[in-house]
Trainee: 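Next up is a structure, given as structure tokens.
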2 protein chains.
Amino acid sequence: MLTLPYMSLRKEILDVSKDLLIKDGFSKMSMRRIAKRANVTATSIYLHFKNKDDLLLALIEESIHNLKEVLVEVMDPSKGFIQQLEEMARAYIRFALEHPKEYEIIYMVRPEEMPKYPREKFNEVRNAYELLAGIISDGKANSLIDVDDPLICAYTIWAQIHGVVSVILNRRLDTRIPQQKFIDQAVDHIIQGFIIQKTPA
Amino acid sequence: MLTLPYMSLRKEILDVSKDLLIKDGFSKMSMRRIAKRANVTATSIYLHFKNKDDLLLALIEESIHNLKEVLVEVMDPSKGFIQQLEEMARAYIRFALEHPKEYEIIYMVRPEEMPKYPREKFNEVRNAYELLAGIISDGKANSLIDVDDPLICAYTIWAQIHGVVSVILNRRLDTRIPQQKFIDQAVDHIIQGFIIQKTPA
DNA sequence: CTGTTTACTTAACAGTGTTAACCTTACCGT
DNA sequence: ACGGTAAGGTTAACACTGTTAAGTAAACAG
């Protein structure tokens, strides 16, 4: 009727869903509520998405894309190797803490309700890993770090950072511990963990 | 009617819920389904639990208890400091991978649906951290590690290990990477990350 | 033999995801 | 210009969901 025609309904649904998810929480993101905000009926959503999981998956994809953009932005080969790594780690953490709900969208969706196919959807992040692995490869070539497989190393680092973020976002961090100190120390630990430390025998 | 009377309904509900959650997944764990398996009606559950979140919280508590037991079991002050740390890390990972659903119960429940009070429920894990912090304190006293606050360090290590586990359980690990290699390397990195490495100036 | 408590039930409310069937509007080939 | 078709939406319904109010039946206390 009086819908603005310059935006496709699919995009509108995605935007409304994300807004609902971020502002009102997962449980409030129902098909009927989404539909109401988009000025359509719930069934119309099924014209653009197979089902609710499919819609969620599209949201995940979008958020992954945003995270990747931040990481790529901060990559700068002109900078020192270690510095580059630290800046990436901090950019990752910053993204997660500044957009906690968006980060949640990426990781906190129950996998059981996801079929197998979405694995391919994560190819975009995979690219980011490979970039990271590239950086690590350079460091290895310069004998700055001690690592077998740069790709494994990239995943290891990422997993550890995700753990740090996850603990904070899940509110599992002891209230006696100041968050920033925790982050600083964690980043230090993570980076130190694979820097070469040849004890001069 | 023909319920076995030697088990309280509360415990029965917990057991049935956990079984349902583990075997059939979160979405299948509905109040009516739980009730049916426990040979009661759904409303009876509300006599023992405030609501579904309350029931979930009790499940989380139970699982946290089990995880803690495994960790405490593996603690052995007679062993070397580093070895003890590594064994705890591996025990943690082993628990998570052997009982993935139970681990999920602990961490993957959406926090938004949890009110503030459950913070206290995590005191039991907090104890485990303090034991870990104690171990780290000893290492610090012996100048084996370089760390300011042992409690922060304990949380850092735990967060990193959780990250590793989380990546595996969420199936976010690149299929080209062998899981065991990933784990080994991660554990190495994490432990190396805070071992003292004074470059003899 | 009452009164109260305990443990449970039935019935209902408001909401959920999803599907089948229907209606409009727009475009396309003849 | 006209009929067919397909896109993009609708209504109505199904089988569920968590949760609550009210009722019931048994056990126990005075």
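Any value given below was found using the heavy atoms of this structure, including those in side chains, with hydrogens, waters and symmetry copies removed. In the text below, chain A, chain B and the rest are named by the order of the sequence lines, each starting its count at 1.
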Trainee: Reckon A:R33 has a side-chain N or O less than 4.0 Å from the OP1 or OP2 of C:dT16?
Mentor: yes

Trainee: When the distance from NZ of A:K52 to P of D:dC16 is rounded to whole Å, what number comes out?
Mentor: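 That distance rounds to 18 Å.
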
Trainee: Between A:D148 and B:Q185, does the side chain to side chain donor-acceptor pair (under 3.5 Å) criterion hold? Intermediate values first, please.
Mentor: CA-CA 9 Å; A:D148 280 358; B:Q185 192 153 320; over 6 Å; no

Trainee: When you compare the side chains of B:Q84 and B:D76, does any donor N or O come within less than 3.5 Å of an acceptor on the partner?
Mentor: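 Looking only at side-chain atoms, B:D76 and B:Q84 do not form any donor-acceptor pair under 3.5 Å.
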
Trainee: Starting the side chain at C-beta, find the nucleotide from D:dG9, C:dC8, C:dT19 nearest to A:Y46.
Mentor: C:dT19

Trainee: Starting at NZ of B:K50 and ending at C1' of D:dT20, how long is that distance when rounded to a whole Å?
Mentor: 15 Å

Trainee: I need the CG-C1' distance between A:L47 and C:dT24, as an integer number of Å.
Mentor: 14 Å

Trainee: Determine the sole option in B:L56, B:I22, B:D24 for which the side-chain contact (heavy atoms from CB on, under 4.5 Å) test with B:M29 is passed.
Mentor: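 When side-chain contact (heavy atoms from CB on, under 4.5 Å) is applied between B:M29 and each of B:L56, B:I22, B:D24, only B:L56 qualifies.
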
Trainee: Just how far, in rounded Å, is C1' of C:dT16 from CG of A:L20?
Mentor: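 Interatomic distance, CG of A:L20 to C1' of C:dT16: 14 Å.
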
Trainee: For the pair made of CG in B:D53 and C1' in D:dT17, what is the distance, rounded to whole Å?
Mentor: 14 Å

Trainee: Which of the following nucleotides, C:dT18, C:dT9, C:dG17, is nearest to the side chain of A:S30?
Mentor: C:dG17

Trainee: Measuring from the side chain of A:H48 (C-beta onward, heavy atoms only), which nucleotide among C:dG15, D:dG9, C:dG17 has the closest atom?
Mentor: D:dG9

Trainee: Does the side chain of A:T43 get closer than 4.0 angstrom to OP1 or OP2 of D:dT10 through an N or O atom?
Mentor: no

Trainee: Just compare D:dG18, C:dT16, C:dT18 and give me whichever is closest to any side-chain atom of B:M31.
Mentor: D:dG18

Trainee: Over how many whole Å does the gap from B:R10 atom CZ to C:dC8 atom C1' extend?
Mentor: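 Between C1' of C:dC8 and CZ of B:R10: 18 Å.
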
Trainee: Look at the side chain of B:S63 and the backbone N and O of B:L59, then say whether any donor-acceptor pair between them is shorter than 3.5 Å.
Mentor: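 A pair under 3.5 Å: yes.
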
Trainee: D:dT11 phosphate, OP1 or OP2: any side-chain N/O from A:T41 under 4.0 angstrom?
Mentor: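 A:T41 to D:dT11 OP1/OP2: no side-chain N or O under 4.0 Å.
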
Trainee: Take the protein atom NZ of A:K36 and the nucleotide atom P of D:dT10, then report the distance between them rounded to whole Å.
Mentor: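 After rounding, the reported distance stands at 13 Å.
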
Trainee: Can you find a donor-acceptor pair, distance only, under 3.5 Å between A:R32 side chain and C:dG15 base?
Mentor: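 No, the side chain and the base share no sub-3.5 Å donor-acceptor pair.
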
Trainee: Whole angstrom is fine here: how far is it from CD1 in B:I45 over to P in C:dA7?
Mentor: 16 Å

Trainee: Side chain of B:N51 only, please: which of C:dC8, D:dT19, D:dT10 is the nearest?
Mentor: D:dT19

Trainee: Is the distance between the ring centroids of B:Y103 and B:F95 under 6.0 Å?
Mentor: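 Ring-ring flag for B:F95/B:Y103: false, centres at least 6.0 Å apart.
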
